[in-house]
Each structure stands twice: as structure tokens, then as C-alpha cells.
There are 2 protein chains.
Amino acid sequence: MRASVPITVDGLKSACSQCNLVELCLPFGMSDRELSRLDELVGARRKVKRQHNLYRAGDSFEAIYAIRAGSFKTDVLLEDGREQVTGFQMTGEILGLDGISTEAHSCNAVALEDSEVCVIAYDKLEQMSHEIEGLQLQFHKVMSREIVRDHGVMMLLGSMRAEERLAAFLLNMSQRFTARGFSPSEFNLRMTREEIGSYLGLKLETVSRAFSRFQEDGLIAVQQKHVHLLDLAGLKRLIQHQHGAR
Amino acid sequence: MRASVPITVDGLKSACSQCNLVELCLPFGMSDRELSRLDELVGARRKVKRQHNLYRAGDSFEAIYAIRAGSFKTDVLLEDGREQVTGFQMTGEILGLDGISTEAHSCNAVALEDSEVCVIAYDKLEQMSHEIEGLQLQFHKVMSREIVRDHGVMMLLGSMRAEERLAAFLLNMSQRFTARGFSPSEFNLRMTREEIGSYLGLKLETVSRAFSRFQEDGLIAVQQKHVHLLDLAGLKRLIQHQHGAR
DNA sequence: CACACCCGTTGACCCAAGTCAACCAACATT
DNA sequence: AATGTTGGTTGACTTGGGTCAACGGGTGTG
């Protein structure tokens, strides 16, 4: 059992207008004037320690969260204990959108490392969306992007083979690290093989074997959580031409 | 190859205030005054014939659609031709939310039977959301519900066995037919075994076999697309206790 | 800084679902 | 009513990924 939520709300005002994550986060595409108004919206920051929950399924929904530092996973649990990881989130990405529909969260959000989020009270967001032109549109785009992402995961889970899934996962990570100014080809994963497996609908052994296979084939170099993508094009080819198929 | 979009926009004004689908659709929870304002929003209806596309991946995004009659599937295609059905939609449900993020649709929407939708111009919706209190919230809830639904599908695809997936699918259909005033236990499916299979990440033969198995076990009676659920509780049990597992 | 414990890797074996094929029932077309 | 076509069922066989088990290397905690 994991320890329960040790919330640390420090009073620090988070200013979107000062934040270097603007192009990745909710304020994307907004004017300077709009941006300064947005600073009112983001109430406080909250630190979440590794392995601790930002929220849990069933928690009443009050706010959405923008990741300022660190990373998270979201998962849903079945009564019999089976876990499905529904996503991994990095800086600038928004957590908690699932809660709007029923006013309670429907999944768990767990920090993969010591992390910090900006708390955006939902009622304030609603209100401010009426006032700030670009905010409403941008918020809709964030939600829509999540829907599109989810469809991609369905494609992955429903129609791809184990190695294709892992290749798609690695390319997706690469792309997101790149967008954050990191190397497209070398990074440290924050999640375990088991979590990757849960996300990809595979067992951890299968994930591990696929990593080894990619290494044998010269596509990547892995050591534990450190991944070096040696042949981006090769990985992409893997996804498109369903090789084993006739 | 399917024939291309034969659009039939008839000038008929669709009045939300008159529509019997309000409790299932976008206007849910709005006051009478708000509702009458909403009538301006819904421009026209559009008929879509069976097997025809309401929109295609890549089409520029202009509007979302509320299903007035009939049903649809949405799917995404991989370069190599693999199809993943991402959802089946019934009356009152909203199509096209995927298009907001990039201003182009990212999936295909195909009518499973001759159908009719209400066309809701997105720019008008944006504008009117600023004015009508309840509309913005309701729209956010619709999007959020879609995200939650997608997470459920991921659970299904990532963590369930073939028979569990089909049981979950049948129970979901039952629940949605019930919400529309139809029998919870007897209905006609509008999609083929292959489409069900694609949605559930299974081959059509596996779907067919699972149907037969359920029939042998007295859980359902099937004949072609007609399904009679004989033991709702039994089907639910199937999902929860991952029987084969240790 | 030592010692668990967790995480990752690998091998041997197994089984659920996929593949291939044959056949039949509906339904649409003429 | 005849015929072609599509959709569904079932059987025999194959296989990709799951299961079980053993082991070794990291790393975070006391």
C-alpha cells in the first residue's frame, strides 16, 4: 500500500507570464495581455513526492493541474486489482480533465518522480473562459488533443503487435522530449517496465524482451531506464510495415 | 472503395427546445430560457446514408454533430490499411470533438445505418459559450465524458480477455439502449462482427466464438445482429472475476 | 555503507487468440 | 425465383505473448 496524499501547497504564486513552459501549456497562443490576466487563474503550486497521488479515482473534482516540473502516470483500477495505465504526462501537460464530467475524478494520478503542479481551480477557469477570448479555445484544444491521443492509444492496443507498440511508445517519448528541448534520441524513462507494459497492454517480460530485441537489432541501446535511440527511421519502419503479416 | 460523401443538407431548422433527445444531448441540464437561445446554434440537419462518411480524417474542422437519428462508428486507419474502430455512437451523442485540436478531423465517422445529425458550427458554439452560462459547462462535460469513455476502452483493450471484452461491450450497449428508452436486454446491433472485433482488439472469428460461447452458457441468445441478454448479472460477473487468472 | 528489496533480464513451457479454410445463412440485385 | 455477395459460424492448426521461475544488478533507506 502506498502512503496517502501528503499535500504541500506552498503559497508561491505561479505566474504563467513568467513561465518557460507557455508554448507547451494551457496559455499557448494567447496574447501578452491575455497572459497577464491568466496569472490570476493559477492559484498556487503544489509539490507531489514520487509515488504519491495528486488525486485518486473518486476524489471530488475541484481543479485541473498543469505540470510544472516532474512527471506523472494516470491509471484506472478494476475491482479485481488489475491496473491499466492510461497515460504518462510530462511538463506543460494538463492533468485532471477526466473529473469534469461527473465532478469526481475517474482515475488516479501518481507522480513518477518528485514533481510540482500548478493548481487551476475549475470554477475560476470556467468563469475566466467567458472573459478571455483565447482561453476557451485553448482549453478546448487541450481537451480535444487528449481525445485524439486516446484514439492513438486505442490503435496501439487494438491493432499493433508487441514490438510495434514499444516502438510507437519510444518514438512518442522522443517527440515529447524534443518538444521540451531535450535530445530526441537519448533520455531517461521515469517509469518501470511494468508501468510501460500496463500502458501498452503487455506484460513486463514482453516489454523487457522487446527492449532486448531492439538492442540486438541495433535500433536502440538500453541500460535500465536510460534509452538511446540509434535508428529513429528503423523504429518508424517497424510501425508502418506490419512485417509479420501477410 | 466506398462512395464519397453525398451530403444532404435540408434547410429544416432543428429546434433543441422541441427535441426529445435533450436529456441525452448537449443541451442537458440547461434552463428553458437557455434552451430557446440554443435553437439558434443548431444550423441545419444533415442526412447521412448507411456506409457513407459524415467526415473523414484530414477534413477541415468546421462543426461538431449531434446524432438525431441512426448511429455511427468512428475509426482511424494506419498507413498499411489496418483499421481501429475507436467508438460506436448513438442518438444524442456528439461527433467530431477530435477535430478541435488541430482544426482538422483525425478520424473517420461512418453511418452504420441511414442517419441524421444536427450540425453545430464550432465558431458559433465558441461564441455562444461565452454568453450562455450552462452551455460551456455542458460542452466541457461532453468532452470530459469522452475522455473517461476512452480510458474505459483502454482498460478493455489493455487488461481484459476476449470474453470479458465482449461482455463489457454488450453491457455497455444495453446500458445505452436503456437510456434511450429501449429494452435493456434485447436489441439489434448495427455493426458487423468485424467492426466489433476491431473495436475490441479481436478478430471477427474470436468475436463470433465468444458470442457462441455465451449462448452455450445460457448468458445470451444471439441470432445474427439480434441479441437477447438472458443473464445480465452473469455477464457482469464475467468482467469482475478474471476467472482464468491466478 | 550495507543490506534488502525492487527492478530488469532471460529461459522454458503453455495457452488464448490468430490464421486459414470450408461452409452456410441473409440479403440485395435482377 | 435465381444468383451473387456479404456476413457469420465452426473446425483444425499455429503462434505471439503470457506464465512461471531463477538470477543478478541497482538503488534507496536505515
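Order of the sequence lines fixes the chain letters, A, B, ..., with proteins taken first and strands second; residue numbering starts at 1 for each chain.
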Peer 1: Considering only NZ, NE, NH1 and NH2 on the basic side and carboxylate oxygens on the acidic side, decide whether B:Glu163 and B:Arg213 come within less than 4.0 Å.
Peer 2: yes
Peer 1: Given atom CG of B:Leu238 and atom P of C:dA16, what is their separation to the nearest angstrom?
Peer 2: 14 Å
Peer 1: Can you tell me the distance, in whole Å, between the CD atom of B:Glu163 and the C1' atom of C:dC15?
Peer 2: 14 Å
Peer 1: Determine, for A:Arg145 against A:Glu93, whether the closest basic-nitrogen to carboxylate-oxygen distance falls under 4.0 angstrom.
Peer 2: no
Peer 1: In whole angstroms, how far is the C1' atom of C:dA16 from the CG atom of B:Leu200?
Peer 2: 16 Å
Peer 1: Between B:Lys73 and B:Glu195, does at least one N-O distance fall below 4.0 Å, as a salt bridge requires?
Peer 2: yes
Peer 1: Are the side chain of A:Asp98 and the backbone N or O of A:His105 linked by a donor-acceptor pair below 3.5 Å?
Peer 2: no
Peer 1: Verify the distance criterion only: is there a donor paired with an acceptor across the side chains of A:Thr74 and A:Gln89 at less than 3.5 Å?
Peer 2: yes
Peer 1: Can you find a pair of side-chain heavy atoms, one from A:Tyr65 and one from A:Leu54, that are under 4.5 Å apart?
Peer 2: yes
Peer 1: Between A:Arg82 and B:Glu164, does any NZ, NE, NH1 or NH2 come within less than 4.0 Å of an OD or OE carboxylate oxygen?
Peer 2: yes
Peer 1: Kindly indicate whether the side chain of A:Ile147, heavy atoms from C-beta on, has any atom under 4.5 Å from the side chain of B:Met143.
Peer 2: yes
Peer 1: Measure from CZ on A:Arg190 to P on D:dG28 and round the result to the nearest Å.
Peer 2: 13 Å
Peer 1: Measure CZ/B:Arg161 against P/C:dA16 and give the value in whole Å, please.
Peer 2: 6 Å
Peer 1: Based on the rotation axes of five pairs at each end, what angle does the helix from C:dC1-D:dG30 to C:dT30-D:dA1 bend through, to 10°?
Peer 2: 60°
Peer 1: Side-chain contact, heavy-atom cut-off 4.5 Å: A:Met173 with A:Met191?
Peer 2: yes
Peer 1: Whole angstrom is fine here: how far is it from CD1 in A:Ile220 over to C1' in C:dG8?
Peer 2: 13 Å
Peer 1: Would you classify B:Gly201 as touching base, sugar-phosphate or nothing, given that sugar-phosphate means primed atoms plus P, OP1 and OP2, and contacts are heavy atoms under 4.0 Å?
Peer 2: sugar-phosphate
Peer 1: Could you tell me the separation between the NZ atom of A:Lys203 and the P atom of C:dT9, rounded to a whole number of Å?
Peer 2: 17 Å
Peer 1: Tell me, for nucleotides 7-13 of chain D in 5' to 3' order, what letter each nucleotide earns: B for a base near a protein heavy atom under 4.0 Å, S for only sugar-phosphate near one, - for neither?
Peer 2: SSBBBB-
Peer 1: Nearest whole angstrom, please: distance from the C1' of C:dT9 to the CZ of A:Arg213.
Peer 2: 16 Å
